[in-house]
2 protein chains.
Amino acid sequence: MEQPSRLAGTVRPGGRTARVRAAVLEATQDELVERGFHGLTMDQVAVRAGVGKTTVYRRWGSPAGLVVDLMTELADQSVPHADTGALEGDLLANALSVLEALHDGRLGPTLQAMIAAATCDEQAAQGLRAFYSRRIQEWAGAVDLAVKRGELPEGTDGAEVIRAISAPLYYRLVVSREPVTREDAERSVARTLAAARAGAFVSPG
Amino acid sequence: MEQPSRLAGTVRPGGRTARVRAAVLEATQDELVERGFHGLTMDQVAVRAGVGKTTVYRRWGSPAGLVVDLMTELADQSVPHADTGALEGDLLANALSVLEALHDGRLGPTLQAMIAAATCDEQAAQGLRAFYSRRIQEWAGAVDLAVKRGELPEGTDGAEVIRAISAPLYYRLVVSREPVTREDAERSVARTLAAARAGAFVSPG
DNA sequence: CCCCTAATGGGACTGAAGTTCCGTTAAGAT
DNA sequence: ATCTTAACGGAACTTCAGTCCCATTAGGGG
């Protein structure tokens with residue numbers, strides 16, 4: 001299992017190479033939606049993309065490699081955090097954006113696949129960690145602003161607050177495997193906010 | 001892929017059949033520790049258990065089937081919740097028992113495998129849900145006692161409190177894939193307790 | 001516009017996962 | 001103790017993921 005060359009490392013990133021990559025990532029996402037990560041085969045992706053299977057093996061190496069590349073693509077489309085002026089609104093916007101992603105017909109299966117890939121491939125795990133750490137850093141900014149406005153105690157750890165908002169949603173998705181609803185998102189915000197106001201997210205302790 | 005017969009459904013659950021099952025589940029757990037879920041093959045389990053591979057396919061059907069059976073075995077060994085007399089001690093005991101399980105040389109890889117299996121197999125997903133719902137119901141009792149003692153507001157949802165304790169730990173394990181420490185467990189208890197005391201876990205809202 | 005070669009593509013090959021067939025073993029009833 | 005048959009096991013067979021080899025195509029510099 002040779003480590004595949006990322007597109008960034010290619011010597012000729014021009015026309016055909018870029019077209020092949022686009023077709024393969026497109027086909028990968030379609031396959032994820034229809035069959036999930038466990039049903040993702042290099043062979044079928046190659047056929048669907050109209051590309052030689054040798055090429056898919058050479059450049060991506062494994063199903064996990066495909067998912068990792070898809071992840072980097074999605075990470076580049078990351079959105080700036082909301083700024084509604086009040087913390088509760090910002091946090092709710094964050095929770096709802098997670099919720100929306102999970103329920104999206106294409107993004108949902110892709111996110112599930114990213115998590116599944118991470119459970120069985122170290123490279124995918126790193127990619128997933130990078131994906132979320134970027135997202136969390138971005139939204140932590142909204143909490144920092146709230147601290148400056150005096151809505152939360154000085155020293156509150158913004159990244160931890162954002163993690164705390166998502167944690168129950170992913171817990172339902174991955175562990176208890178119950179449907180994740182808007183009520184869950186609202187409850188998560190309310191509980192996290194209650195703990196944060198009580199100073200439970202102040203850095204040292 | 002024929003659905004395998006559970007041991008419960010066998011007509012002759014006596015000596016040999018039970019020995020085969022024990023040997024196979026033992027081998028499965030060993031393989032999970034050494035190779036993880038993605039490296040679990042029916043063939044290797046059969047060899048390691050000293051059992052015909054036909055038998056493994058017939059009774060368990062797939063790697064996910066093996067993990068599911070292991071899960072039911074572990075669920076039967078579930079422990080009653082702590083009762084230290086104070087809620088914080090009970091919740092900490094819960095968080096630490098999760099932590100301990102995750103770090104255990106045999107249980108840790110098995111739990112990870114259960115989650116990985118659930119991401120790609122509906123039967124495994126149901127098994128995992130059953131496993132945790134049983135655990136959560138058990139520990140929710142500790143919260144109910146605390147409500148009776150007046151430590152938390154009337155109407156506090158015990159099961160949700162227990163879920164909230166575990167959620168950040170599993171979030172680290174599965175999503176952000178950072179090491180889970182005792183500090184994480186303590187923080188999770190402190191934050192959940194702060195939210196619960198503020199009434200954020202009272203049922204309707 | 002032409003050339004060099006990076007990158008792709010077809011097709012044969014390899015090995016392991018999964019299936020099938022049928023003979024053998026032993027649980028449990030009488 | 002004997003018999004019935006559920007359950008196990010060995011081995012050949014099938015399928016398909018993954019690899020290798022080499023011919024073909026098309027960027028992109030000159």
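Letters A, B, ... mirror the listed sequences (proteins, then strands); counts begin at 1. Being a predicted model, the structure only gives us computed values, none of them experimental. The basis for the numbers below is simple: all heavy atoms, side chains too, and nothing from hydrogens, waters or symmetry mates.
- Applying the side chain to side chain donor-acceptor pair (under 3.5 Å) test to Thr55(B) and every residue at least two apart in sequence or in another chain returns nothing.
- For Arg16(B), the listed nucleotide lying nearest its side chain is dC8(D); candidates were dT8(C), dC8(D), dC21(D).
- The shortest side-chain heavy-atom distance between Met71(A) and Leu128(A) falls under the 4.5 Å cut-off.
- As rounded to whole Å, 11 Å separates atom P of dA17(C) from atom CG of Leu40(B).
- The side chain of Arg59(A) sits closest to dT8(C) out of dC20(D), dG27(D), dT8(C).
- Sequence neighbours left out, the pairs with a member in residues 106-133 of chain B that pass ring pair (Phe, Tyr, Trp, His ring centres under 6.0 Å) are Tyr132(B)-Tyr170(B).
- Residues Glu26(A) and Arg19(A) are not paired through a salt bridge, judged by the lack of any N-O separation under 4.0 Å between the basic side chain and the carboxylate.
- Ion pairing between a basic and an acidic side chain is recognised when a charged N comes within 4.0 Å of a carboxylate O; Glu100(B) and Arg182(B) show no such pairing.
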Report each atom pair, protein N/O against N/O of nucleotides 14-17 of chain D, whose distance is under 3.5 angstrom.
unit_1	atom_1	unit_2	atom_2	d
dA17(D)	OP2	Asp43(A)	OD2	3.3

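- Within a 6.0 Å sphere centred on CD of Glu178(A), other residues, nucleotides and ligands contribute more than 12 heavy atoms.
- Atom OG1 of Thr192(A) and atom CD1 of Ile162(A) lie 9.0 Å apart (nearest 0.5 Å).
- Rounded to whole Å, the distance from CZ on Arg58(B) to P on dG10(D) is 12 Å.
- Pairs passing the salt bridge (charged side-chain N to carboxylate O under 4.0 Å, His left out) check and including a residue from residues 126-144 of chain A, sequence neighbours excluded, read Asp76(A)-Arg134(A).
- For DNA chain C, none of the residues of residues 22-38 of chain B falls under the heavy-atom distance limit of 4.0 Å.
- Note that the CD atom of Glu34(A) and the CG atom of Asp30(A) stand 6.5 Å from one another [nearest 0.5 Å].
- Remark on the helix from dC1(C)-dG30(D) to dT30(C)-dA1(D): inter-end axis angle 40°, axes from five-pair C1' superpositions, rounded to 10°.
- For Arg19(A) and dT25(D), the CZ to C1' distance is 11 Å, given to the nearest whole Å.
- For dG9(D), the OP1/OP2 oxygens have no side-chain nitrogen or oxygen of Thr54(B) closer than 4.0 Å.
- Between Asp69(A) and Arg59(A), no side-chain nitrogen of the basic residue sits less than 4.0 Å from a carboxylate oxygen of the acidic one, so the salt-bridge criterion is not met.
- Between the side chains of Asp90(A) and Thr84(A), a donor-acceptor pair is found at a separation under 3.5 Å.
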